Amino acid sequence: MAMTTTGFVVSARLLWTCRKPFVRTSASPSWSVILSRSAHQTGYRRPGQPKDNRWFWQRINFDFSKGVNGVRKHLGLLKEEFVQHWEGPDGKPLEIGGRSEAYLKLGRNNTTCLLYGTLCSVAPRDGETRYSGYCSMRSKQPFGAFDSKKHYDLSDFNILHLRVRGDGRPWMINIGIENYFSHQKDDIYSYFLYTRGGPYWQDVKIPFSKFFLSSRGRIQDDQHYLLQDKINTIGFTLGDKADGPFQLEIDFIGVCNDTSHTEDFAYETYKRNPEV
């Protein structure tokens with residue numbers, strides 16, 4: 001009986017000890033201060049800016065106009081994926097800078113593309129431009145719905161086939177690919193296009209192995225072959241330093257597979273510091 005009473009007393013003391021109120025010491029943080037900080041300090045407040053004492057649901061912006069505009073934009077892009085191949089480009093300026101002008105429009109019979117304009121090698125007096133005298137046109141990066149990038153996969157072909165009619169000027173064909181680093185955004189693959197001039201069409205076949213790597217108009221020492229499965233854009237550049245009007249009419253740009261062409265890359269690939 002005595003042991004039972006002792007056990008009851010011990011259990012009562014333990015229960016009373018567990019139910020004692022929490023005594024805060026000087027080193028422990030104030031829970032009321034912590035709760036007030038988490039409720040009111042939701043972000044950085046500039047010095048001198050009045051304190052925002054509203055509740056968190058009162059600070060939420062319930063304006064859905066941004067989301068509606070985004071959905072409308074991407075639905076429009078989704079529509080363009082189906083109807084874009086039925087529409088042709090309109091005549092509009094494609095000027096990058098300087099005094100040269102370039103325009104792109106459909107031909108007279110609405111089946112060809114006409115690139116025309118005026119080349120001027122006089123540098124503008126803006127205090128920054130040192131060189132001038134070129135015109136460049138590049139197709140836009142194709143985008144799908146929800147800003148997804150689209151690429152042209154031409155890995156099954158090895159020849160670029162063009163049917164053009166120029167004015168005798170030398171042009172340059174530029175192919176842009178998808179790069180993985182931001183400092184490679186200006187890298188393009190180029191090759192020369194010599195037009196004969198006159199009223200007759202000219203069929204030009206250029207192997208993809210002939211395109212060389214350049215960046216901002218400078219040929220790179222370290223050459224790499226063209227990645228044909230990540231092609232984004234194709235364009236033309238004129239920079240023969242002959243001021244005056246120019247025009248280039250394009251019937252079509254296609255690709256083909258020539259089994260007799262077995263060259264992988266026409267230029268030497270080497271390492272600057274070869275391993276010994």
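Keep in mind that what you see is a predicted model, and the values were worked out from it rather than measured.
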Checklist entry - So do Phe211 and Ile206 actually touch side chain to side chain, heavy atoms under 4.5 Å? => result yes

Checklist entry - Roughly how far, to the nearest 0.5 Å, is the CZ atom of Phe157 from the CZ atom of Phe208? => result 9.0 Å

Checklist outcome for this item: For Ser136 and Asn174 the tightest heavy-atom approach is OG-ND2, 4.5 Å

Checklist entry - Quick one: which of Ile231, Thr233, Asn232, Leu227 gives a side chain to side chain contact (heavy atoms under 4.5 Å, CB included) with Ile175? => result Ile231

Next on the checklist: Show every ring pair (Phe, Tyr, Trp, His ring centres under 6.0 Å) that has at least one partner inside residues 217-236, sequence neighbours left out.
Outcome noted: none

Item to check | Closest heavy-atom pair and its distance - Cys135, Ser100 | outcome: SG-CB, 3.4 Å

Checklist entry - Tell me, do Leu119 and Arg169 make a side-chain contact under 4.5 Å, heavy atoms counted? => result yes

Checklist entry - Where the side chain of Asp258 meets the backbone of Ser260, is there a donor-acceptor pair that is under 3.5 Å apart? => result yes

Checklist entry - Can you list the steps and then say if Asp187 with Ser215 is a side chain to side chain donor-acceptor pair (under 3.5 Å)? => result CA-CA 5 Å; Asp187 293 356; Ser215 178; 3.2 Å; yes

Next on the checklist: Within the structure provided, determine whether His161 and Val255 are in side-chain contact (heavy-atom separation under 4.5 Å).
Outcome noted: no

Item to check | Pairwise salt bridge (charged side-chain N to carboxylate O under 4.0 Å, His left out) hits with a residue in residues 67-77, at least two apart | outcome: Lys73-Asp147

Checklist entry - Short question: side chain of Gln141, backbone of His151 - any donor-acceptor pair under 3.5 Å? => result no

In a table with atom names and distances, give each donor-acceptor pair under 3.5 Å that connects a side chain of residues 241-248 to protein atoms at least two apart or in another chain.
| residue | atom | partner | partner atom | Å |
| --- | --- | --- | --- | --- |
| Asp243 | OD1 | Ser121 | N | 3.1 |
| Asp243 | OD1 | Ser121 | OG | 3.0 |
| Asp243 | OD2 | Ser121 | OG | 3.1 |

Item to check | Single-linkage hydrophobic cluster, 4.5 Å side-chain cutoff, Ile177 and Ile159 together | outcome: no

Checklist entry - Of all residues at least two apart in sequence or in a different chain, which pass the side-chain contact (heavy atoms from CB on, under 4.5 Å) check with Arg216? => result Asp186

Item to check | Expected output: side-chain Gln228 to main-chain Leu154 donor-acceptor under 3.5 Å | outcome: yes

Item to check | Gap between atom CD of Glu268 and atom CG of Asp221 - 0.5 Å precision | outcome: 11.0 Å

Next on the checklist: When you measure from the side chain of Arg165 to the backbone of Pro199, do you find a donor-acceptor pair of N or O atoms at a distance under 3.5 Å?
Outcome noted: yes

Checklist outcome for this item: Taken to the nearest 0.5 Å, the spacing of Thr195 OG1 from Leu238 CG works out to 9.0 Å

Checklist entry - Would Val164 and Leu104 show up in the same hydrophobic cluster when neighbours are defined by side-chain heavy atoms closer than 4.5 Å? => result yes

Item to check | Contacts of type side-chain contact (heavy atoms from CB on, under 4.5 Å), residue Ser209, not counting sequence neighbours | outcome: Pro207, His261, Glu263

Checklist entry - Does some side-chain heavy atom of Trp171 sit less than 4.5 Å from a side-chain heavy atom of Leu115? => result yes

Item to check | More than 12 heavy atoms of other groups within 6.0 Å of Asp153 CG | outcome: yes

Item to check | Check: Phe192 ring centre within less than 6.0 Å of Phe212 ring centre | outcome: yes

Checklist entry - Are any non-hydrogen side-chain atoms of Leu226 and Tyr191 less than 4.5 angstrom apart? => result no

Item to check | Asn158 side, atom CG; Cys256 side, atom SG - distance, nearest 0.5 Å | outcome: 7.0 Å

Next on the checklist: Same cluster or not: Phe252 versus Leu106, using hydrophobic residues (I, L, V, M, F, W, Y) connected whenever any side-chain heavy atoms lie under 4.5 Å apart?
Outcome noted: no

Next on the checklist: Any side-chain to backbone donor/acceptor pair from Gln202 onto Tyr194? Under 3.5 Å, distance only.
Outcome noted: yes

Next on the checklist: Just verifying a value: how many Å separate Gln220 CD and Ser214 OG, rounded to the nearest 0.5 Å?
Outcome noted: 7.5 Å

Next on the checklist: Set out, in order, the CA-CA distance, both residues' side-chain angles and the distance that settles side chain to side chain contact (heavy atoms under 4.5 Å, CB included) for Leu162 and Ile173, then state yes or no.
Outcome noted: CA-CA 10 Å; Leu162 301 94; Ile173 305 176; 3.8 Å; yes

Checklist outcome for this item: Lys205 meets the salt bridge (Lys or Arg N to Asp or Glu O under 4.0 Å) criterion, sequence neighbours left out, with none

Checklist entry - Within a strict 4.5 Å, meaning less than it, do heavy atoms of the Asn257 and Asp156 side chains meet? => result no

Checklist entry - Just how far is it from atom CD1 of Ile253 to atom CG of Leu160, taken to the nearest 0.5 Å? => result 7.0 Å

Checklist entry - Between Ser155 and Asp229, is any side-chain donor less than 3.5 angstrom from a side-chain acceptor? => result no

Checklist entry - Any idea which heavy atoms bring Ala266 and Lys210 closest together, and the distance? => result CB-CD, 3.9 Å

